[in-house]
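Contents: one structure, followed by commentary.
Only heavy atoms go into these numbers, but all of them, side chains included; no hydrogens, no water, no symmetry mates.
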Amino acid sequence: MKISAPFESYRQALYNYDSARTASAAQALFARDSEIKLSHPLGEFRGVDPLVNGVYRDLNQAFPDLERRDTIVMAGTSAEKHAWIGCCGYYTGTFSQPWLEIPATGHIASLRYHEFFRIAENRVQEVQAIWDIPELMMQAGVWPMGPSLGREWHVPAPASQDGLVRSNPTTDATSRNFELVAAMCDGLGKHAEGGVAAMELERFWHPRCSWYGPSGIGSARGIAGFRNWHQIPFLKGMPDRVGSAGNGGHMFADGPYVGFTAWPGMHMSITGDGWLGIAPSGQQIEMRSLDFWRCEDGLIRENWVLIDLLHVYQQIGVDVLARMREMTKARSGALDS
């Protein structure tokens, strides 16, 4: 699937962010009644105007030199015959004014994103996007959630340095990598039947794989790191999880890259040992998760994962942003209010 010139114009308008240019490029690209689905608390709405004249306007006020840096741009068609474009990267600039009441730092900061665009009739019909808002809280020194088990750092671009410019991938290579990731996801679902052995992790993952999770979980290296710092706590806390692959989820491939998008991507209840410091209340939740994988020599070498953690907390009645405000009110002179 070829990425259109209007989509490239939209990317370039966000790279050197300009509000008028971005609005013009968006009007040329998005369908009039496009579905825009953003991570909590940014919300969901119809039409592109609230995105460009609301969300991006507010972000630009906080980052006056706002710049979007894509590290992966891929495109493909899912088994359901939907055309998708996936973008991975981060917004950056000088964090000069508060955003979502996260206090400004006066320094360069980054806001990681995974954004998926469903295309039909040469227009964007739907956007599913998670911005790692907790990452910005962490950089501002106001962390209102439990500690991460994995490593918190600036998540890198693909080690292969081909996320944006690749030689024309063959259909065979694209299909092989799609099947690899699809089989791996199926294997993960076998844990309930036969534990770790049933998942056959070594069959799918490179021994030097890197797993790049969201802020609040962190990153991990190797299969052991993936299991210790993410998978084991995840499975213990939510053993009844059910994924959306094949049931409302969309997977597509582009050469060495595979993307997965769903809104939501999983359903589960928080039981067992709890998760990320959340008590095991048995609360039923849904989880939004947007993923990218890079395959190398028949194995998964890198995996970028974002989860809408603020939405998870919201469903169990915890307002993370309110917690953050309590932590920062001394800075704003709002004590005793």
Side-chain angles (χ1 to χ4, degrees), residues 1-4 7-8 11 68-90 112-119 128-130 132 153-188 199-214 219-223 225-226 230-231 243 245-246 249-262 265 289-307:
M1 174 182 160
K2 186 177 180 180
I3 296 175
S4 68
F7 193 86
E8 288 299 319
R11 287 183 56 231
R68 173 192 171 104
R69 296 187 185 179
D70 288 317
T71 57
I72 299 172
V73 177
M74 59 170 294
T77 302
S78 69
E80 298 78 14
K81 306 303 181 185
H82 292 293
W84 289 91
I85 297 174
C87 297
C88 171
Y90 58 95
R112 187 175 160 209
Y113 61 80
H114 288 182
E115 298 178 354
F116 288 84
F117 304 81
R118 180 171 59 83
I119 311 295
Q128 298 179 9
I130 295 177
D132 196 356
W153 63 328
H154 186 62
V155 168
S160 52
Q161 299 295 302
D162 62 353
L164 301 179
V165 181
R166 299 188 296 280
S167 59
N168 292 329
T170 66
T171 301
D172 286 347
T174 296
S175 296
R176 282 196 305 271
N177 292 324
F178 179 95
E179 294 299 332
L180 170 68
V181 174
M184 182 275 300
C185 290
D186 287 342
L188 293 179
M199 295 188 292
E200 299 182 288
L201 296 176
E202 289 79 4
R203 176 185 163 198
F204 304 111
W205 293 87
H206 194 283
R208 297 187 182 183
C209 62
S210 293
W211 188 87
Y212 310 122
S219 295
R221 178 73 166 176
I223 294 172
F226 165 68
H230 171 60
Q231 190 187 49
H250 299 270
M251 186 177 290
F252 59 101
D254 184 2
Y257 292 91
V258 180
F260 177 77
T261 183
S289 174
L290 305 180
D291 296 54
F292 292 87
W293 295 267
R294 185 179 70 83
C295 304
E296 183 179 299
D297 297 329
L299 294 169
I300 298 168
R301 185 71 184 249
E302 295 180 282
N303 182 196
W304 294 259
V305 180
L306 280 184
I307 297 170

Checklist line | Euclidean distance, Met74 CE relative to Met1 CE, rounded to 0.5 Å | finding: 10.0 Å

Checklist line | Atom CZ of Arg208 with >12 non-hydrogen neighbours under 6.0 angstrom | finding: no

Check: Do Glu302 and Ser210 have a side chain donor and acceptor closer than 3.5 Å?
Finding: no

Next item on the list: Rounded to the nearest 0.5 Å, what's the gap from OG on Ser289 to CD1 on Ile307? Could you check?
Entry: 5.0 Å

Item checked: Centroid-centroid distance, Phe292 to His114, less than 6.0 Å -> yes

Next item on the list: Taking the side chain as every heavy atom from C-beta outward, state whether Phe252 and Tyr257 have any atom pair closer than 4.5 Å.
Entry: no

Item checked: Close side-chain approach of Cys185 and Met251, heavy atoms under 4.5 Å -> yes

Note to self: Looking only at side-chain N and O atoms, does Thr174 offer a donor or acceptor that is under 3.5 Å from a partner on Asp172?
What the structure shows: no

Checklist line | Check: Pro158 and Arg294 side chains under 4.5 Å, non-hydrogen atoms | finding: yes

Checklist line | Stepwise salt bridge (charged side-chain N to carboxylate O under 4.0 Å, His left out) test for Arg11 and Glu8 | finding: CA-CA 5 Å; Arg11 287 183 56 231; Glu8 288 299 319; 2.7 Å; yes

Checklist line | Partner residues of Arg69 under the salt bridge (charged side-chain N to carboxylate O under 4.0 Å, His left out) criterion, sequence neighbours left out | finding: Glu67

Margin query: Just by distance, no angles: are the side chains of Glu296 and His206 close enough, under 3.5 Å, to form a donor-acceptor pair?
Written below: no

Notebook entry, point to check: Please walk me through it: do Ile300 and Val181 pass side chain to side chain contact (heavy atoms under 4.5 Å, CB included)?
Noted result: CA-CA 8 Å; Ile300 298 168; Val181 174; 4.2 Å; yes

Item checked: Results of ring-ring contact (aromatic ring centres under 6.0 Å, His included) for Phe178 - residues two or more places apart only -> none

Notebook entry, point to check: Taking the side chain from Asp254 and the backbone from Ala75, do they hold a donor-acceptor pair closer than 3.5 Å?
Noted result: yes

Next item on the list: On the 0 to 90° scale, with breaks at 30° and 60°, tag the Tyr90-His154 ring pair as parallel, tilted or perpendicular.
Entry: perpendicular

Item checked: Sub-6.0 Å ring centroid separation between His230 and Trp211 -> yes

Next item on the list: Please check if the distance between the ring centroids of Phe117 and Trp84 is under 6.0 Å.
Entry: no

Check: Taking all non-hydrogen atoms of both residues, which atom of Ser78 and which atom of His250 are closest, and how far apart?
Finding: OG-ND1, 3.5 Å

Next item on the list: Answer whether the closest heavy-atom distance between the side chains of Cys87 and Phe116 falls below 4.5 Å.
Entry: no

Next item on the list: For the residue pair Ile223 and Pro207, establish whether any side-chain heavy-atom pair is separated by less than 4.5 Å.
Entry: no

Next item on the list: I would like to know whether Arg68 and Glu115 meet salt bridge (charged side-chain N to carboxylate O under 4.0 Å, His left out); could you show each step before the answer?
Entry: CA-CA 12 Å; Arg68 173 192 171 104; Glu115 298 178 354; 2.7 Å; yes

Check: Relative to the ring of Trp205, is the ring of Phe226 parallel (under 30°), tilted (30 to 60°) or perpendicular (over 60°)?
Finding: parallel

Checklist line | Within-4.5 Å side-chain heavy-atom neighbours: Pro214 and Trp304 | finding: no

Item checked: Heavy-atom side-chain contact between Val305 and Phe260 under 4.5 Å -> no

Note to self: In the structure I gave you, are the side-chain heavy atoms of Leu188 and Leu201 within less than 4.5 Å of one another anywhere?
What the structure shows: yes

